[in-house]
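All values derive from a computational prediction rather than experimental measurement.
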Amino acid sequence: MERHQPAGESAGSGEHRLWGGRVAAGPAASLDDLNRSLPVDQRLWAEDVEGSQAWVRALQGAEVLDAAEAGSLIAGLQRVAGRLAAGAAEDAHDEDIHTLVERLLYEEVGTLAGKLHTGRSRNDQVATDSRLWALRALRALAAAVRALQGALLEQAEAHLDLLMPAYTHLRRAQPTRAAHWLLAHFWAFQRDRERIVQAAERVARLPLGSGAIAGAGFPVDRNALAAQLGFVAVAENSIDAVGDRDWVAELAFVGTLGGVHLSRLAEDLILFSSDEFGYVALPDAYTTGSSLMPQKRNPDGLELARGASARLLGELTAVLALLKGLPSGYNKDLQEDKRILFTVVDTLQLLLPVTRETIAALVWREDRLAAATADESLLATDLADELVRRGLPFREAHHAVGRLLRIGEREGSPVTELAPERWAEAHPLFLQPSLPALSATASVEARCASGGSARPAVMAQIAQARAVLAD
Ligand code: ARG
């Protein structure tokens, strides 16, 4: 294919610009440095080509292009895609990806390229490209979240009968199962995945065919365009369509909340893998050493997961601040949206795999867990529950157990080793008919309502988790 000279509208400069007929000279270098978005938006090249090919079909449908012209433009865009896949954007100096694609198209098909932008504006074009990109990114994110959920679920299934303390206020509260703790995180990520799906439904509204602000000046079939590009509906209002970035804010929120969940999981694991807790060991591949202290094995991946979620929160704040006070329609401020979008997605795509692998490779330290769950203070609630079963109102039972614990402190003895008279001193029902039998296992099995720690309840939970993962 013979190469044509770029035939931009810009006068004199020799470079291809999508505008410039009205102005004598190109932009100042300082403005160009600020304005040029190619370094960021070149990632949209595949979507820009795809959207342009669909637009060619729409123009053909509207009889703006004949079949031969449409065929040449689509084939030319395909060659442009090939060049971009081979790195044509790397050393390009165009203003943005839309300008670059059009310049390359001129090189491929000559002046016919000038017909592509009929009825279209970069305003509806960039909104379409970035929504297309986001739809793919959301699908990939959902898959990565799902994989992490799979790792949590497998650990839960493998450690159904491993007991651990559950915490409130970061103080030992009651015994539970390691599986129950793992699944607690599973459900948070399930909500993230649901939010991703719901957000995608709103992303999949097609802006293309809205023109710059007031709509396309040619009778293009936008429903056909939507179907071709995989959108579920067309945006109802052209003014809204070119200025709407609610979906970026929503994606940033969904991503940030996912980051918060990763951070909370990371924090649990940092604590549980510390010398003080020692419930799990992080495999060597997921720790790093200290340059000074030879003994250190630091949980850097988890710390970075905790830290990176702070940055996500910054992106969410940025997009909301960007939109607040913006006049309706397209404003160049909106060019910032892509940095935000890419940062949120890239950050999560770094955090999710390493978190999944860390979970999959966790080593549980059963001796440490056995020692921790042997702490009889975890069973105080069970003692109160037993007095309830023996007829006492719960509030009185709570006080009776409190008295018993105080007696234990006074005698310097675990309550399980106190003489029966001491128990009777706390409350006579403790001996009727006999001292309650206490164990961590009995405690978890007593939590038999759905959503609790008992074996059948956790097995039912695992079955539910399997079912939502299969969806
Ligand atoms: N690079 C621009 C962006 O990301 C493309 C849209 C430009 N539109 C315009 N009217 N200058 O938003």
Side-chain angles (χ1 to χ4, degrees), residues 1-27 29 31-33 35-62 64-130 132-133 208-209 211-212 216 218 220 225 228-229 335 338:
M1 176 81 205
E2 140 214 19
R3 291 274 155 89
H4 301 264
Q5 269 308 98
E9 301 148 351
S10 61
S13 70
E15 78 192 68
H16 186 79
R17 270 192 280 129
L18 301 186
W19 49 279
R22 195 190 157 278
V23 289
L31 174 59
D32 196 51
D33 288 345
N35 187 40
R36 239 184 113 240
S37 58
L38 186 62
V40 173
D41 63 28
Q42 59 169 284
R43 288 177 69 170
L44 297 176
W45 69 260
E47 289 76 15
D48 199 71
V49 168
E50 201 182 328
S52 296
Q53 288 178 323
W55 188 242
V56 170
R57 287 286 172 227
L59 289 177
Q60 184 188 352
V64 174
L65 297 173
D66 64 32
E69 289 174 323
S72 306
L73 284 169
I74 285 174
L77 283 163
Q78 209 48 47
R79 292 194 296 277
V80 168
R83 291 172 65 186
L84 286 163
E90 299 307 322
D91 50 0
H93 293 283
D94 303 81
E95 181 181 323
D96 56 23
I97 185 63
H98 324 295
T99 312
L100 171 60
V101 167
E102 190 177 294
R103 174 170 66 79
L104 296 177
L105 186 61
Y106 267 98
E107 291 180 9
E108 295 297 332
V109 304
T111 52
L112 175 62
K115 293 196 174 188
L116 169 64
H117 213 53
T118 311
R120 185 175 72 165
S121 156
R122 277 183 297 168
N123 298 353
D124 57 347
Q125 186 179 359
V126 72
T128 302
D129 292 359
S130 44
L132 257 185
W133 187 92
L208 197 59
F218 299 87
V220 289
L225 258 178
Q228 190 180 343
L229 290 170
Q335 181 160 288
K338 284 170 287 302

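Checking side-chain atoms of Q53 against main-chain N and O of E50 turns up no donor-acceptor pair under 3.5 Å.
What you find for R79 and V109 is that their closest heavy atoms are NH2-CG1, 3.8 Å. Here the shortest heavy-atom pairing between A216 and W55 reads CB-CH2, 4.3 Å. Closest approach of G211 to S121, counting heavy atoms only: C-CB, 3.5 Å. Across every non-hydrogen atom of W133 and L44, the tightest pair is CB-CD2, 3.5 Å. Shown here for L132 and E47, the closest heavy-atom pair between the two residues is CB-CG, 3.6 Å. The nearest pair of heavy atoms linking S37 to D96 is OG-CB, 3.2 Å.
For S130, the side chain to side chain donor-acceptor pair (under 3.5 Å) criterion is met by no residue, not counting sequence neighbours. Contacts of D41 classified as salt bridge (charged side-chain N to carboxylate O under 4.0 Å, His left out), with partners at least two apart in sequence or in another chain: none. With sequence neighbours left out, the side chain to side chain donor-acceptor pair (under 3.5 Å) criterion links Q228 to no other residue. Every residue two or more places apart in sequence or in another chain that forms a side chain to side chain contact (heavy atoms under 4.5 Å, CB included) with L84 is listed here: W45, V49, V80, A88, A89, L100, V101, L104. Applying the side chain to side chain donor-acceptor pair (under 3.5 Å) criterion to Q42, with sequence neighbours excluded, gives no partner residue. Taking the side chain to side chain contact (heavy atoms under 4.5 Å, CB included) definition, one finds that T118 meets it with L59, V64, K115, F218, sequence neighbours left out. R57 meets the salt bridge (charged side-chain N to carboxylate O under 4.0 Å, His left out) test with no other residue; sequence neighbours excluded. Partners of D124 according to the side chain to side chain donor-acceptor pair (under 3.5 Å) rule, which considers only residues two or more places apart in sequence or in another chain, do not exist here.
One distance of note links CZ of R17 with CD of E102; it measures 13.0 Å at 0.5 Å rounding. Rounding to the nearest 0.5 angstrom, the gap separating the CD1 atom in I97 from the CG atom in D129 is 8.5 Å.
Using a 4.5 Å heavy-atom threshold, the side chains of R120 and H98 count as separate. Between E69 and L112, some side-chain heavy-atom pair lies under the 4.5 Å cut-off. Side-chain contact between R43 and K338: absent, with no pair of heavy atoms (C-beta onward) separated by less than 4.5 Å. Contact of the Q125 side chain with the S52 side chain is registered, since non-hydrogen atoms from C-beta on lie closer than 4.5 Å.
Counting only residues at least two apart or in different chains, side chain to side chain donor-acceptor pair (under 3.5 Å) contacts with residues 84-94 comprise D94-R103.
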